[in-house]
Amino acid sequence: MNVQPRTLHLLRVFAVASVLVAIVHAEPDIAVTPIARDGQVLVTFDMTDAFGPDVRDAIQSGLPTTFSYEVELRRVSALFDRTIAQVTMTASVRFDNLTRRYQMSRSIDGRVEDARPTEDQEAVRAWMTHFERIPLSATAALEANGEYYVRVRAHTRPRNAWFFWPWGGAILGHANFTFIQ
Amino acid sequence: MAATVTSITPRRSATTAAPTPEPPRRPFRDNPRLILAGIAILLVVLIALVAIANGTSRFSPDFLSEFVLYALSAADLTMLAALVFVLARNIVKLIVERRKALPFARFRAKLVLLLLGMTFVPAVLVLIVGSELMIQSVDRWFNAPMDEILTSANKIAGDYYAERQLLVSDHANRIARALSSVDLGNRDVRPIRDLLAPNVTLQRVQMIEVYRVVPPQAQRGSLPTLEPVVDVAAPALPPGYSRAAADRLAAQALSGARETRSVETLGNSGDLLHAAAVIRAKDGRATGAVVATDYLTGDLAARSRRMTQAFENYNQLRVLKRPLAGVYLSFFLMVTLLILVGSTWMGLYMTKRITRPVQMLAAAAREIGAGRLDQRLEPQSNDEFGSLVEAFNVMASELATSRRKVERSTIELERKHVEVEGRRRYIETILERITTGVVSLDAAGMITTINSAAGRLLSLDRRIVGQPAMAVFDRADLQPIAKLLTSGGRTKGEPSAQEIAIPREGQELHLAVVATSLLAESGASEGAVLVLDDVTPLIRAQKVAAWREVARRLAHEIKNPLTPIQLSAERLRRHFSTAPPPAKALVDECTVTIVGEVESLKGLVDEFSQFARMPSPRTIPTDLAQLITDTISLYRGIFSDVRIDQRFAPGIPLVRLDAEQIKRVIINLVDNAIEAMERRGHIVVETQLDPSNSLVRVVVADDGPGIPPAEREKLFLPYYSTKRRGSGLGLAIVRRIIAEHGGSIEVGNNAPRGTRFTIELPC
C-alpha cells in the first residue's frame, strides 16, 4: 500500500495525541480482591483514578460528595448469572471551609457504620476509595469448586454530567474466583 | 380564522322514525376547549419548570444534576421524538397525498413548508444564539475578581478560626503543663481552680475543663477512663452548653488521636472552639486531660459562616457549572422544541383548518356536479368561510329547486315523448301495414322515411333514406315521380296528384301518386310527402267491368240474330234439297258453313255471357290440397307425355273458397300449361303457406317455352290468346275468380325454364 508521507505524518500525530488524551483522561477503575477467611467471603476493593480534580473541587467546594458501591457476589451460569449476595457501600465526605475539616462517614446498606472528621485530604481519598475486607457472604452459601465472581459498580455524586445526555455509565470492577473448600 | 366545517351531510327527511345515531366524537384537533386546556397545562408545566430551575440553588446538587437534568433531558428527547414523529408523519402523508393527486395536496405541502420555515429557522437561530449567550453568561459568573474576593474572605474566616483554635490549643497545652505537678486525685480542687481562674478572667479562654485519669479496673483489657475534676467557665458563655463535646475531645486526646481540636456550633449563639491536651506527670504518665474552650459570638460566627458559605456557594456553582448550564440549556432547548412542536402542529392544524373547508366545498361541489343536489355543508363560523359555505348551500338549494323543475319538465317531456313515440309507432305500424306507399322528404329534399309498401311499389330499399329524393327518383322508371315532386314544389301546399305507370317485370304498375308539401305555421316548407296507391287492380277491375259490359252487349246484340240466321240457313238447305246436285251441293256446303259458324258464334256468345254473368263465389272452408288432388286426378291417363306433380306444404288450414270456381281456375292453368308444352313436359302444382301474411299460395309451374315479359300483362285481358283456338277469356276469368276470392294471381318465369303462375289466397 502506497501511503503518502503527509498522511503518514498525520497518522503519527493522531496516534500520539490519542495516547496523551488517554493519559490525561485516565478512566477510573476498580481493583477487586475477594478472599475467603473464617467462613466469610471478604472483599477488598480500591477505586483508582476516581479522585480527580473534579472530585476534589467538588469536595473542596463544600458539596456533600458520595461514592456508592454496589458489591455483588455472583455465580457464573451458562445463561444468566445468579446473585448470591449483595452489599451497598456508601462513603460520604463533606468539607467545612471554615474549620477546614472533612467530615467523613460510611454506611453499609444504608446503615451508618462509621463517621469521623479529618484534616487530611489523603485520608479522605482513602476513605472514599479504599475498602478493606468487607464481609459479603458466608462461605456456607458457596459451592465447593464453584466459579464465582465479585462485581463492584461504583457511582459518584454529585454527577458532573453534561448537557442533553446526563446518563453516564457506572464504574465497574470485576474479579473471578473459584471457591476451593 | 378558518371556518370549521364538520362534514358534508345530506339533508334527511325529518319524518324518519329510525333513532338518530350518536354523532361521532370530534377529534382533539377539532375541539377548541381541549386545545385551550392543553395549552394551559403546557403553560403550567413551563411555569413549574421555570420555578424549579430558579430554585435549583436551594436543592441538593443531586437533585440538580440528576433529577432536574434528567427530567429536562427526558422531556427534550420526548419532544424531539414528538417533533420528528409529527414531521415524519406529515411528510409521509403529504407525499402520499401528492402521489394520489388528492386535491389541495400541493397547496397543503406549500403551506406546511412555509409555516415550518417561518418558525423553524427563527427558533433554531434563537436556540443557537441564546445557547451561546447562556454559556458565555455562565462563564462570566466565574471571573477573577469575584474569585479572589470570595477566596480571600473564606481564607480570612478560616484563618481566624484556625488562629483562635491554635491559641486555644496553646492554652490547653500550657494549662496541661501547669497541671502536670498537681494531684488531680485530691478532693480539694480549689488549688486547681485558682490555677485556672486567671486564664478565664483574663479571657484567654472562656472555659477550662479538667479531667483526671481513672486507672483501669482489675479486669484485663479494660481501658483507662476520664473523670471530670473541675471546670471553670466565664459567665459570657451562652446557655445550652453541654459537656459532651469536651468529654469526647478529652477522650480522643487521651487515646492519642491526632485530632485534638473541634468546633461546636451553637446555632445562632455562636461557636465553641475546643482544644484538648493530655496532662502528663513528670514520668510521662498521663494523669489527666484538659479541654480549653473559646467562644466566638453569634455575630462573628455568623459573619464567618456567611463568608465561607458565599465562597462555598461560588465554588459549588463552579463545580456544578456544567450540569447547571445543562439545565438552562435543556430548558431553553425544551422551550424551543415546544415552540417547534407547537408551531408545527399548529401549522398543520391551521393548514388543515384552511384546506379542509375548501376540500369539503370541492367535494360537495363534485357531489352536486354528480347530481346529488341534497348535499349541504354545516358552517360553524361566521367568518368568510362561513359566508362561503352559506352561499354554497344557497346555490345548492337553488340548484336543487331548478333540478326539480327540470325533472318535472323532463317527466312531462318524457310522457309526451312516450305519447308521441307511441303515436309514431302507431303511424309507422300503419304505414308498414298499409298497401299505400308513403315517402317523406325533408325541407332539403332528402328522403327521411319510406314505408315497405312504397319500397315494394317503387323497388327501393330503405338505404335510400338520407339520400336526395331527386337523385333517387332520377331512375328512368321513377322520373314521373321526380317531375311530380318538381311540380308539387311549385304548388305551395296544394296536393298534386297524378297517375303514373311504372313498368315492373314486364307489366305495368299503375300508381296514383299524390305529392303534398308540408308547410310550417310560418309558411316555410318543411318537406313533402308522397303517397302512392297501387291502382293496378282497380284499373284491371275497371277494364274487366268494361269488358263484361261489352261482352254482355255483344252477347245480346249478336245472339239475337244468330237463331234466325241458323233457321234461315236450314230452311235454305231444306228448300234446295230437291235442287240439282251441283246447286244442292253448293247450298249444303254454304248452309253447313253458316250453321257451323253460327254454332261457333253461339259458343262464343255463351262464353261472353258466362264471363259477363259469372256468379259471386260461395265460399266455404275447403281442403285446398284435396281440391287440387281431385282436380289433377282428372288428367290421369289422358296425356301420356305430361307428368303432373303435386307438392303440398304441411299445416295449410282450410281455406274459404268456392271449390268449383277454384277447380276451374286450376283446370284452366293446367290446360294452358299442357297446351304451352305441346302436351309434353312436366307440370308442378304446389301449395305454400305464408303465415306472416296469412296467405296460401298455389303455384302452377311448367317447363314449357315460357311467356315473354311483354306478353305477361296482356295474358289476363279478355280476348287475348296465344293459342290458335280459344276466346281469350280463360285467364281473364281466372283473374276475376281469384280477385273475387280476395286474392291475386301473378305470372313469372319458372326456373330453369317455363312459366310459373302464383295464386295468393287469404286464409
Side-chain angles (χ1 to χ4, degrees), chain A residues 25 50-68 88 90-105 107 110 114-124 126-128 154-170, chain B residues 60-74 76-77 80 131 135 151 154-155 157-162 165 252 257-259 261-263 265 271 273 301 304-330 332-333:
Chain A
H25 295 282
F51 219 74
D54 286 349
V55 175
R56 283 198 184 90
D57 286 347
I59 292 172
Q60 292 302 120
S61 72
L63 281 172
T65 305
T66 304
F67 285 10
S68 295
T88 302
T90 305
S92 301
V93 64
R94 190 181 189 287
F95 180 65
D96 188 343
N97 276 280
L98 188 61
T99 61
R100 292 171 181 168
R101 281 185 176 80
Y102 299 93
Q103 184 60 41
M104 306 182 297
S105 66
S107 65
D114 195 3
R116 64 182 66 167
T118 185
E119 293 179 354
D120 186 2
Q121 200 176 55
E122 185 57 29
V124 173
W127 179 265
M128 299 292 283
H155 299 271
T156 62
R157 284 205 302 268
R159 298 172 63 84
N160 199 2
W162 186 228
F163 161 66
F164 201 68
W165 192 260
W167 295 274
Chain B
S60 69
D62 291 348
F63 181 81
L64 171 71
S65 64
E66 294 190 358
F67 180 79
V68 177
L69 194 57
Y70 278 44
L72 286 172
S73 298
D76 288 345
L77 289 174
L80 195 61
S131 301
I135 290 169
T151 304
N154 179 60
K155 191 168 188 329
D159 286 350
Y160 179 72
Y161 265 64
Q165 277 199 310
Q252 200 171 319
R258 292 175 60 187
E259 297 296 327
R261 290 179 292 187
S262 69
V263 177
T265 300
D271 289 345
L273 307 179
S304 302
R305 285 280 168 207
R306 277 202 292 275
M307 284 193 285
T308 306
Q309 191 66 49
F311 173 77
E312 286 184 346
N313 287 343
Y314 178 78
N315 274 321
Q316 285 171 11
L317 272 180
R318 189 204 299 274
V319 169
L320 296 174
K321 184 173 73 173
R322 280 202 300 188
L324 198 60
V327 166
Y328 284 112
L329 287 178
S330 292
F332 198 26
L333 177 64

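Every chain is numbered from 1, with letters handed out A, B, ... down the list of sequences. Because only heavy atoms are used, hydrogens play no part in the values below, and waters and symmetry mates are left out as well, while side chains stay in.
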Can you find a pair of side-chain heavy atoms, one from [X] and one from [Y], that are under 4.5 Å apart?
X	Y	value
B/Val319	A/Leu63	yes
A/Val93	A/Thr118	no
B/Arg318	B/Tyr314	yes

Once side-chain contact (heavy atoms from CB on, under 4.5 Å) is applied, do any residues pair with B/Asn313, and if so which ones, sequence neighbours excluded? B/Gln309, B/Gln316
side-chain hydrogen bond (donor to acceptor under 3.5 Å, both in side chains) involving A/Ser92 - partner list, sequence neighbours excluded: A/Thr66
Tell me every residue that passes salt bridge (Lys or Arg N to Asp or Glu O under 4.0 Å) with A/Arg116, counting only those two or more places apart in sequence or in another chain. A/Asp114
Taking a cut-off of under 4.5 angstrom between non-hydrogen atoms, the residues of residues 94-104 of chain A near chain B are A/Arg94, A/Phe95, A/Asp96, A/Asn97, A/Leu98, A/Thr99, A/Arg100, A/Arg101
